[in-house]
Structure formats: C-alpha cells, structure tokens
Asker: 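This is the structure I want to talk about, given as structure tokens.
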Amino acid sequence: MNMIAVSNAPQPPYVGTRLIDLIHRNTGSNELAHNARVVSQLLPFKVSQYAANYLIDWKQAPNDPLFRLLIPHKEMLLEEDFYFIEQALDDKPLLQSRITQLRQKLNPHPGGQLNLNVPNESAGMQHKYRETLLVFPKQSQTCHAYCSYCFRWPQFIGDKTLQIAMNAPQAMVEYLKRHPEVTDVLITGGDPLVMKTDKLKAYIEPLLSPELEQVKTIRIGTKALAFQPERIAFGTEADQLLDLSEKIVKKGKHLAYMLHCSHPRELEADIAQMAISRLLGTGAQLRSQAPIIKHINDQSDIWANLWQKQVNLGIHPYYMFIERDTGAHHYFSLPLIKAYDVYREAYIQGSGLCRTARGPVMSATPGKVQIDGVLTLPQGKALSLRYLQAREPQKVGIPFLAKWNPEARWWSDLTPYSEADKPFFEAQ
Ligand SMILES: *Cc1c(COP(=O)(O)O)cnc(C)c1O
Ligand code: SF4
C-alpha cells in the first residue's frame, strides 16, 4: 500500500503569510502569491497540511480544480473589487474600511439564514424543516481547510454579528424536548470533526438517552475526508470517534456522515480510503453531497466518476447542490440550465446505484428546490421544478413551472410561468 506518512499530532494549517509563502514556494509565481494576498483580505482561507501536500496539483496551478477549491485567486473578485483592495494594501485604516464595505456587497447571509430559521428560543440551531434540526456547536465553527466557494464564510471571519453557534448541548436538548416532531439531528458547522471527539460526544450522548427517543437519525456533516483524513483514519482522536460511532449505531440510531465531496481526487488517497472503510466498519452510513462549481467540478465526467467511485467505496451519492448567491458567486456559479445538463449527462453514465444523487438543488429561502428539466409547451419553454423540502410541507413533491430563463443562476432569478405557479414562488 502506498501509505502517506502523516504523524498523529495535528499539523498546523497554512493561513495568512504562511499560506502566501506556500503558494509562492509551490508555484514559483510572484503573481499568484500577490493575487492570493489581495483576495485573502476579503474572504477567509486556510489550507491543511494534507491538502497542500496531497490534494492540490501545484504544477497545474492556477487551473487545477483543487487549487481553485483551496487557494485564493484573482478571478474570484470582480476586477474593480480586486483593484479596490489592492490599492489599499499599504494603508491599514483604508484597507479595513474597504474590506467592510465589500463584504457587505458579497451577500453574507443568503437564504434568510439569520432571521428566518433560527429558533427564537436559542441561537446555534436552525429548524427549517419539520423533522430536522441543524445544530452548530460553537467549537466547530471552523473547518480543517476552507473551500473558496464556502457559503458559510461569514462564520469564519470573526464577525460575531454574522455567526450562528451554540455554546453547550443543553439548549439543544431542551429544544428537542419541546419539539417532539424532530426525528433527525444534523450536527454541522464549519466542520464538527474539527472538535475533539470528547466535545462532539457531549452533543451526541444526550441524543442517545431514553428521554430523546424521538431522535432516530444523527447526521454529522464533514469535509474531513478531503481536508484531514487522518482525523478519521488513525490516532487516538480517530479511535475515539470510531468508538462513538459504533456506540450510536448499537443504540439503534441511524448514523450518517454527510461527506462534502467536491472532486474525485478527494477519494483517491489510501488514507482517505482507509478513513472510509473504518467509518463503514462502525455501521455508519456514508452519504455525499457537494455544490456544482464552475472551474472545479462543472463537467459531467467529473460527476459520473465521482458517483461511481463513491458507490465502489460504499458511499451513497445524495445531493448535487447549486452554489448559493454569496461570496464569489459571479465566478463560481453556472446558469441553472447548464447545471441541469451536467447533472443529466452524469446521471445517464452510471447505473441506478449512482443515480441516488438528487439535483441540481437550490437550498433557497422557501425550501430545497430541484430542477427537473426543461419543457416545451405551446406558450413557450418552461423550467420544471419541485420542492424536495419546504417550509410549508404541503408544497413538497408537486411539479411547478418557472419561465424559461437561460441566464438564471439562482432561485431569485426565476419567475412563475403561469398564474397556477405563483403560490410556489410566494415568499415564505
Ligand atoms: C438540507 C437541509 C436539511 C436536511 O434535508 P434532507 O432533505 O433531509 O437532507 C435540513 N435543514 C436545512 C436547513 C437544510 O438545508
Ligand atoms: S467544508 Fe463546508 S463549511 Fe467548511 S469551508 Fe467548505 S463549504 Fe465551508
């Protein structure tokens, strides 16, 4: 086996000037390093040792998809915004005010995340769909590395008014007792596997107690498989995580790791495969989801390959998302029609086992909207849509139509096709 030597002690990730130095060292390009310095003033960046050493193909930079996933690059900003920051680099107060100004422009809280979904009772949770509660432990409001397209970037830049996080599991337990309709708890972040296993355990153990028998499913969202597979593959923390997983499964709960998996390369390393087989050995289910992102995974062959690899490794393809309208959306987004074409062309390449990935899906304010295809009707072309999840559950599963708009990149760009479709677009 072609083992990668990774020590047990977590190695510090690259951030700030060390990240800029890394880019310079590995690409030999002053320009790429300078551009990264400018862009990283505005958006958060962090690259794990593992990602720097084994994921990014530096020789192909900047066109390598994993470079685009992890490294700040000029094209992420509009040209005028890039120069706006670049010209202020040596003037701290000016730079700070320009950063604040531009960040507001980048739509830090898309989908009404702050005002609409947070239970009034306590922060650090999101209860949007009847049966599922999202939990954001404070200790997991970061990731092992950051995706350049991350929609949670405001949580990483230290602006407290933009963060959603809870301090301790008590609030979660109390909320669940008051809401017996919740059967699924999804622990998310950031990345919950950034926490020590003990901390994670503090959130999970109450869910296993008889008083919370209502909880049938525990999901843990993570990108550790791509960014820090040693967290799962070996060492004391990994062993404890696997023990915890086994315990959850033995209690009769469905345990699912929701793996954020953007590119097939993330699944290739021996250590990533070892992490997968160890998780599967605990009886946990593995499911994968990721947004479709221009310059990173916007080709059908990449998705077909990704889904096939996942099936081979024991991972169920779950969702293909559309990137939210935040951050560098202008650069990473694709027209909805294009995303649908990529999905379909990937879908037809694999067997039914690869076709468990639903998509492309927009996680929008009223719900999760899937794009089902294009219809040609007597009155013209239409986009066929349906809710997979909705704030109003009675809207789920009913086909409805939007006016054909080849430029549309997000839910807000769509309008009802006819009078009958209007209720599906009404703000909720
Ligand atoms: C996607 C999502 C869920 C989970 O939905 P499933 O379809 O059960 O995977 C729950 N809450 C929010 C806010 C979501 O976006
Ligand atoms: S893993 Fe998720 S939360 Fe973390 S940086 Fe990537 S997109 Fe953001």
Side-chain angles (χ1 to χ4, degrees), residues 13 15 43-48 51 55 66 68-70 72 110-114 116-119 125-136 140-157 163-165 182-194 216-228 231 254 256-263 266 285 287-291 293 296-297 316-324 326-328 332 356-359 361-370 386-391 393 396-397 411:
V15 291
L43 293 165
F45 288 89
K46 171 157 87 175
V47 179
S48 62
L55 223 44
L66 281 297
R68 299 279 189 210
L69 172 72
L70 285 148
Q113 282 196 90
L114 268 193
L116 284 169
N117 310 322
V118 179
M125 289 176 276
Q126 228 179 310
H127 189 190
K128 182 165 171 180
Y129 308 127
R130 192 179 48 203
E131 67 288 344
T132 307
L133 182 70
L134 306 195
V135 174
F136 298 79
S140 72
Q141 293 314 300
T142 182
C143 293
H144 296 102
Y146 293 150
C147 308
S148 48
Y149 58 71
C150 180
F151 70 101
R152 292 204 168 127
W153 62 271
Q155 295 185 223
F156 305 144
I157 56 176
Q163 293 179 339
I164 334 173
V182 176
T183 56
D184 284 42
V185 173
L186 203 167
I187 302 177
T188 181
D191 192 322
L193 296 189
V194 162
K216 308 294 182 210
T217 298
I218 298 171
R219 300 189 226 181
I220 298 171
T222 184
K223 201 170 171 68
L225 194 65
F227 290 160
Q228 195 100 339
R231 173 68 182 88
H254 178 106
Y257 286 87
M258 308 304 289
L259 307 171
H260 174 181
C261 196
S262 317
H263 193 276
E266 296 171 10
Q285 301 287 315
R287 299 183 193 277
S288 73
Q289 53 191 29
I293 303 287
I296 295 178
N297 62 14
H316 302 282
Y318 190 55
Y319 277 134
M320 175 202 272
F321 287 118
I322 300 280
E323 162 77 342
R324 284 182 194 236
T326 179
F332 286 127
T356 53
R358 290 172 300 165
V361 178
M362 289 174 279
S363 198
T365 308
K368 275 200 174 64
V369 182
Q370 171 166 284
R386 86 175 114 157
Y387 283 105
L388 300 178
Q389 287 282 8
R391 278 176 196 287
V396 169
W411 172 245

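Small disclaimer: the values here were computed from a predicted structure and weren't measured. Just so you know, ligand 1 is whichever comes first in the structure, and atom 1 is the first atom listed for that ligand. All residue numbers refer to positions in the sequence shown, counting from 1.
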Asker: Is the contact between Cys147 and ligand 2 made by the side chain, the backbone, both, or neither, using heavy atoms and a 4.0 Å cut-off?
Answerer: both

Asker: Below 2.8 Å, can you find an N, O or S atom of Cys150 next to atom 6 (Fe) of ligand 2?
Answerer: no

Asker: Can you give me the closest heavy-atom contact between Phe227 and Leu70, atom names plus distance?
Answerer: CE2-CD2, 3.6 Å

Asker: Which ligand 1 atoms does Tyr318 reach within 4.0 Å, using its non-hydrogen atoms?
Answerer: 6 (P), 7 (O), 8 (O), 9 (O)

Asker: Return a yes/no value for Tyr319: is any of its N or O atoms, backbone included, closer than 3.5 angstrom to an N or O of ligand 1?
Answerer: yes

Asker: With a distance cut-off below 6.0 Å to the six-membered ring centre and an angular limit of 45° from the axis, does Arg358 pair with Tyr318 as a cation-pi contact?
Answerer: yes

Asker: Check each atom of ligand 1 against the heavy atoms of Ser363 and keep those under 4.0 Å away; list them by number with element.
Answerer: 15 (O)

Asker: Side-chain donor-acceptor pair under 3.5 Å between His316 and Gln285, yes or no?
Answerer: yes

Asker: Only one of Cys150, Cys143, Cys147 forms a side-chain contact (heavy atoms from CB on, under 4.5 Å) with Lys223, so which one is it?
Answerer: Cys147

Asker: Could you state the interatomic distance from OG1 (Thr183) to CZ (Arg130), rounded to the nearest 0.5 Å?
Answerer: 9.0 Å

Asker: Report, in ascending order of atom number, the atoms of ligand 1 lying under 4.0 Å from any heavy atom of Leu134.
Answerer: 10 (C), 11 (N), 12 (C), 13 (C)

Asker: With respect to atom 14 (C) of ligand 1, which of Lys368, Lys128, Gln389 exhibits the smallest heavy-atom separation?
Answerer: Lys368

Asker: In terms of atom number and element, which parts of ligand 2 are under 4.0 angstrom from non-hydrogen atoms of Lys223?
Answerer: 1 (S)

Asker: Is ligand 1 less than 4.0 angstrom away from at least one heavy atom of Glu131?
Answerer: no

Asker: Run the numbers for me: atoms of ligand 1, each under 4.0 Å from some heavy atom of Arg219, listed by number.
Answerer: 4 (C), 6 (P), 8 (O), 9 (O)

Asker: What pairs with Ser48 under side-chain hydrogen bond (donor to acceptor under 3.5 Å, both in side chains), at least two apart in sequence or on another chain?
Answerer: none

Asker: Numbering the atoms of ligand 2 from 1, which are under 4.0 Å from a heavy atom of Cys143?
Answerer: 1 (S), 3 (S), 4 (Fe), 5 (S)

Asker: Could you give the distance from CG (Asp191) to CG (Leu225), rounded to the nearest 0.5 Å?
Answerer: 10.5 Å

Asker: Parallel, tilted or perpendicular: which describes the rings of His260 and Tyr149, with under 30° parallel and over 60° perpendicular?
Answerer: tilted

Asker: Quick one: does Leu388 get within less than 4.0 Å of ligand 1, heavy atoms only?
Answerer: no

